[in-house]
Number of protein chains: 2
Amino acid sequence: MTDPRHVPPSAGPRYQQVADALARDIARGLYEVGSLLPTEAQLCTLFNVSRHTVREATRRLVDVGLISRQAGVGTRVKARTTAARYTASLGSLSELVEYIHSTRLTLLSAGSVAADARLAETLHCRRGQRWFQLRTLRYPVDRSEPIAYTEIHVPPQFRDIEQDIDGGTVSILRQIELRSGERVVEVLQEIGACAIPAPQARLLGVAPRSPGLQVLRTYRGAGERTLCASLIVSPAHRFTLSTRWRLEQGAPIGPHAPADRASPAPA
Amino acid sequence: MTDPRHVPPSAGPRYQQVADALARDIARGLYEVGSLLPTEAQLCTLFNVSRHTVREATRRLVDVGLISRQAGVGTRVKARTTAARYTASLGSLSELVEYIHSTRLTLLSAGSVAADARLAETLHCRRGQRWFQLRTLRYPVDRSEPIAYTEIHVPPQFRDIEQDIDGGTVSILRQIELRSGERVVEVLQEIGACAIPAPQARLLGVAPRSPGLQVLRTYRGAGERTLCASLIVSPAHRFTLSTRWRLEQGAPIGPHAPADRASPAPA
DNA sequence: AAGTGGTCTAGACCACCGA
DNA sequence: CGGTGGTCTAGACCACTTA
């Protein structure tokens, strides 16, 4: 019942049928990876459609990465099949950072520090590197038990960022972006478990060495310059991080609302 | 009103100029979010180009999420500016799952279970739901200390998956995909910290209630059918999860056009 | 210089939506 | 029903690559 060659002439618009046929032929190996597809003119006669239709068809295949076009050269086969890619995406940095909307921050301290051995390892920087450090606690608006302890580190030249940090890391990032003219280009995130050290445990109202989630985020501009690094420590069960990975189909149809977000653990 | 034509006419093809002009007008607020753009015919006369060119222009704007088109209705403005998007991507599921390449798995047990209250909550399923459960330990090839305890749950109809699980979750997923004809379309991942319960702690060689990382992954096919759910528990410091988020530029090369997002987001 | 894809025009018919 | 975007044709000129 499942003969792959039995594929009915695919339905839908002509360009889709052409695209499907080409994709099938590529998968079949009729057109090998690296070789050139027939020219658009040839495809026109081959499928008996206008050039516009051929281009609409090949455009789809370009979009899914099967082929690429180059003026003056031709249309080259890039891959035999569309690789399965799973992606997660964020609408903005705030979705990564503001794990709970209705939270408030309190600033514990702000000052210049030099990285000791532990901090250097955590932030992947040289020992002795100087940072301007903000230490904060994040609370749900309606409770007095903090969710997380956060250390935010920025390069010393940004030490005079406005310290109304209620906007959290995002507003700090925005200020840095404005002042440096750089854009956050990538965020490296490392998640692990830890035994919460006594000082933080005291702040968070849990027993020393009790289980905690530790999230390190390094915000980088172009050229791998670190614009900000934040370290979050949160007792177990106070929140979880969720990410939704979705298969990226060839044709990105339909709305997707994937988001990495953190959600509070049920109380 | 300022004359928008004082802006230097953007370079490039005609459709790009049209797209730029429209994007500028949307950003300016001339066309409000939610409202309809002029019809394609109107845009043709407005810019004095053919309909093909107008469509090529609006297609770009659709790709970057500024507008959407609907046959019979019109072209609607979806956002005032292209929001910064950060995406993370995986080449395949194995990058998500096989956190360390050189590991080996040992099977502790395999059997049918009914979800008790705890499991039901963990897996977000009904209490009493039946699963075929595999319990495993993952070791680095060169050490005897396990890095993680993993429970893999699959729907009972897949209970006779081949139990040579050395391939890990991925090979199990592949088998399920083959047998069900379904594809893993999305993966929901929840990460939290926990105090490792005594039984698992014993298996992992750590003290009961010591800190652990807990990762729940739910693999879903189309229609939100759960094909597999895995629960990983790993003692602190034995491994960390890293993710790299990258800024996705507005109109990059291959229009892996993210579909529209509802949230206009940050002010 | 010949041939490729890139762009653009002018015109046509269709399915679908809303009044 | 009239108007919208969706599809498709036929033809044209261009910039570019390759020989």
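Lettering follows sequence order; numbering is per chain, from 1.
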Q.
If I take atom CZ in residue B/Arg14 and atom P in nucleotide D/dC14, what distance separates them, rounded to the nearest angstrom?
A.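 Value for this atom pair: 16 Å.
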Q. Tell me: CZ of B/Arg69 to C1' of D/dT4, nearest whole Å?
A.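 Roughly 12 Å, once rounded to whole Å.
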**Q.** Residues in contact with DNA chain C, drawn from residues 43-54 of chain A - heavy-atom cutoff 4.0 Å
**A.**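 Residues of residues 43-54 of chain A that come under 4.0 Å of DNA chain C are, in numerical order, A/Arg51.
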(Q) By the 4.0 Å heavy-atom rule, please label A/Arg55 as base, sugar-phosphate, or nothing. (A)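 Since a base atom lies under 4.0 Å of A/Arg55, the category is base.
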Q.
Heavy-atom nearest nucleotide on DNA chain D for A/Gln70 versus B/Thr39: which residue maps closer to 5'?
A.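 That would be B/Thr39.
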Q) Start at the 5' end of DNA chain D and walk down; is the nucleotide closest to B/Pro38 or to A/Gly72 reached first? A)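 The residue mapped nearer the 5' terminus is B/Pro38.
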Q. So with a 6.0 Å cut-off around CD of B/Glu32, is the heavy-atom count from everything else above 12?
A.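 Atom CD in B/Glu32 is not crowded, with 12 or fewer foreign heavy atoms closer than 6.0 Å.
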(Q) Nearest 0.5 angstrom please: A/Arg217 CZ to A/Gln189 CD, how far? (A)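 If I round to the nearest 0.5 Å, the distance is 4.5 Å.
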Q. Does a nitrogen or oxygen in the side chain of A/Tyr15 sit under 4.0 Å from OP1 or OP2 of D/dT7?
A.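 Yes.
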(Q) Suppose the criterion is side-chain hydrogen bond (donor to acceptor under 3.5 Å, both in side chains): which pairs have a residue in residues 48-58 of chain B, not counting sequence neighbours? (A)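 Listed by first then second residue: A/Arg59-B/Glu56, B/Glu40-B/Arg51, B/Glu40-B/Arg55, B/Ser50-B/Thr53, B/Glu56-B/Arg60, B/Thr58-B/Arg69.
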Q: Name the closest nucleotide to the A/Ala71 side chain, picking from C/dG6, D/dG5, D/dT17.
A: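 Of C/dG6, D/dG5, D/dT17, C/dG6 is nearest to the side chain of A/Ala71.
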**Q.** B/Ala79 to B/Ile26 - nearest heavy-atom pair and separation
**A.**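 For B/Ala79 and B/Ile26, the tightest heavy-atom pair comes out as O-CG2, 3.3 Å.
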